[in-house]
Number of protein chains: 2
Amino acid sequence: MKPKIADVAKVAGVSPTTVSRVLNNRGYIGEETRVKVHNAMKELNYYPNEVARSLFIRKTFLIGLIFPTTSNPFYGQLIFHIENIAAALGYKVLLCNSQGRQDKEKEYLEMLQRNQVDGIIAGAHNKGIEEYEKPNLPVVGIDRYLSSAIPVISSDNYDGGKQATQLLIRKGCIKIIHINGPISLETPANLRRKAYEDVMIKHNLTPITYEMETYGTDNSEIIKRLFDENPEVEGVFASDDIIASQVIKEAKSRNYNIPSKLKIIGYDGTETKKLMMPELSTIEQPISRIAEKAVELLIKQIDSEWDGAPLETKLPVKLIDSDTTKK
Amino acid sequence: MKPKIADVAKVAGVSPTTVSRVLNNRGYIGEETRVKVHNAMKELNYYPNEVARSLFIRKTFLIGLIFPTTSNPFYGQLIFHIENIAAALGYKVLLCNSQGRQDKEKEYLEMLQRNQVDGIIAGAHNKGIEEYEKPNLPVVGIDRYLSSAIPVISSDNYDGGKQATQLLIRKGCIKIIHINGPISLETPANLRRKAYEDVMIKHNLTPITYEMETYGTDNSEIIKRLFDENPEVEGVFASDDIIASQVIKEAKSRNYNIPSKLKIIGYDGTETKKLMMPELSTIEQPISRIAEKAVELLIKQIDSEWDGAPLETKLPVKLIDSDTTKK
DNA sequence: AAATTTATGTCAACCGGTTGACATATGAAA
DNA sequence: TTTCATATGTCAACCGGTTGACATAAATTT
């Protein structure tokens, strides 16, 4: 059986209260008592039971994370940073991969509440989860509008979309196509598309957008259609690097020379992308800063120090003009 | 204040014990009472406090995960599967990114014990963490020997190394170099190198191995040295796909034509790799099966159903012969 | 009519640590 | 000598849910 405070007290020859005092640095404690207690803890291999402690102080220092999947390097990297920053501030993270499924997300939401997490950071959201509407606990969204009272952190999606489109135009592309995720999701990421359309129209070009199916589905059909219907395409702005990689693959199989015949730019710019496909131009998101802001805002809410603003935080992106957009 | 069982009981007009009976399906409960209680729970937005429950039943259904970083797609994907399988079995996961740092790993190990996790799955390990030696709780290692009593799950590293090396030889390479992670770590992954050396020697070829620095360090120097010292290299077997991608990058900058002049094969074969660099040949690890086995063995230990064997589980790999090893 | 099953209530102990109230005993400062 | 800061102990209530013991009463069986 695991040792408890009473066991430590017995070994150290002091009272349980004294042990608790040592653990929490409360009241007066003599130096030698402190040492005796610490020795006893070491001897017994004692670890304070945080579950009991959490119950009493009514706080767990747990943060729930709901994201589609850690398999995706963008979320993997984001979660890495969130966990890191949280750990530095004394918080632990409970991980949930919702896989873009509404039923899973609901289950996780309930599970997290049962487990008394102090707050939730969610980057997944399937419309129609009313649970987010009654915010019984602090929540921060990343790139997802969850409800009118929940703050959202994102990269400057409009600026990113603008820069990407402008780059392709600057490099001489006329027939430029955009391909993005399911627009039915209410996400700031839709601004990437909005910016693309605005820039195209401003340059008297016709915007053409292809839309992906739900997250995780096989998208190759849509990309094939893109090429079938627009064989003379000169530039593609994909709303993330994974989609961009699929476009590249299809283009190569159709013998489009990149970048001379077709230029491509993606979005995200993860570390993995930098290593695995350095040649791909992209809009790099400030992932670690997004993580910082999210944790910061969540903890402010937890500590009741949040005044309701800002509801939206946009962080600057960085254009990476690499080989796939060479002139 | 959050509602508790007593509040539900009051609203439903029954006793707290009856509510608990409904929640746990114990003893006799009438149908209409059950309905009344459920309505009260819904009305109050009641979620049972798992912290209190965990304290009493002395079990948290929490599993601690210690891995270097979710940023790396291999760990990201592995963790995705682990979390999924665990969730299906009623377990939740607490995520820790040790970043290959011994101090962090020790801290996390202590934190997890304080938080009463039921078990730990660790894929990170810096030698000399004696904490693993006194296994106060169930542990499973992935690709890492933690202590003599802790079971390890891994891909069949020897076979993978063998297949990779044989492929390069079959494709006509003579001067083949291997590059791997820090061998100081006691990991089954070292068998990739052993297999490489064995196969080379069997074919009367000279094995040459370059070793990476500690995890996460900048490795470009070592790869540059590899090419400087072996300009006539014909084949490279990298011990993971990320290293392979760095080799490709350096080779391209030196105008080596791949695969005509230089053939490359990596190791891991994550989904991300398949999307981002489908052209890279690799040894694909059965990531979801590794996750399954790990969770299965951990839960067996938790349920005291583990008899100590098998201590080592090796799962079959799959050769992916793609463009970078074309003849 | 008696025995049994079903349904619910009351009560108290327990999980392990926290905290406040209060008692007691030093050694040091006033 | 008196006061006070220091050091430790005892005790009990509490966090929220679980569980066993026991009581009671209605509905079913036998």
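Numbered from 1 within each chain, the chains take letters A, B, ... in sequence-line order. From a predicted model like this one, the values you see are computed outputs, not experimental measurements.
- Atom CZ in A:Arg53 sits about 8 Å away from atom C1' in C:dT18, given to the nearest Å.
- With D:dT10, D:dA21, C:dG17 as the candidates, the nucleotide lying closest to the side chain of B:Arg21 is D:dA21.
- Here A:Ser20 does not reach the OP1 or OP2 of C:dG17: none of its side-chain N or O atoms lies under 4.0 Å away.
- Closest to the side chain of B:Ile5, out of C:dG9, C:dG16, D:dT18, is D:dT18.
- In this structure, A:Arg58 places its CZ atom 9 Å from C1' of D:dC14, rounding to the nearest Å.
- Look at A:Arg114 and A:Glu110 and you find a salt bridge, because one of the NZ, NE, NH1 or NH2 atoms lies within 4.0 Å of a carboxylate O, short of that distance.
- Distance check, rounded to the nearest 0.5 Å: NZ of A:Lys293 to CD1 of A:Ile85 gives 11.5 Å.
- Atom OH of A:Tyr28 is separated from atom P of C:dG27 by 17 Å (rounded to the nearest Å).
- The distance between atom NZ of A:Lys36 and atom C1' of D:dG9, rounded to the nearest whole Å, is 12 Å.
- With salt bridges taken as basic N to acidic carboxylate O contacts below 4.0 Å, none links A:Arg289 and A:Glu292.
- Residue contacts for A:Val14: at a heavy-atom cut-off of 4.0 Å it reaches the sugar-phosphate backbone alone, with no base atom in range.
- Atom CZ in A:Arg34 sits about 9 Å away from atom P in D:dA7, given to the nearest Å.
- Close to C:dC15, at under 4.0 Å from its OP1 or OP2, lies no side-chain N or O of A:Asn49.
- In this structure, A:Asn25 atom CG and C:dT18 atom P are separated by 12 Å, rounded to whole Å.
- Nucleic acid contact class of B:Val51 (heavy atoms, under 4.0 Å, all strands): none.
- Rounding to the nearest 0.5 angstrom, the gap separating the CG atom in A:Asn97 from the OG1 atom in A:Thr70 is 4.5 Å.
- If you measure from atom NZ of B:Lys4 to atom C1' of D:dT18, you get 15 Å, rounded to the nearest angstrom.
- Residue A:Asn24 places no side-chain N or O under 4.0 Å from the OP1 or OP2 atom of C:dG17.
- Projected onto DNA chain C by closest heavy-atom contact, B:Ile57 and B:Glu32 fall at different nucleotides, the more 5' of which corresponds to B:Glu32.
- B:Thr17 contributes a side-chain N or O that forms a donor-acceptor pair with the base of C:dC11 under 3.5 Å.
- The distance between atom CZ of A:Arg26 and atom P of D:dT8, rounded to the nearest whole Å, is 14 Å.
- Of the charged side-chain nitrogens involved, at least one lies within less than 4.0 Å of a carboxylate oxygen, so that B:Glu31 and B:Arg34 count as a salt-bridged pair.
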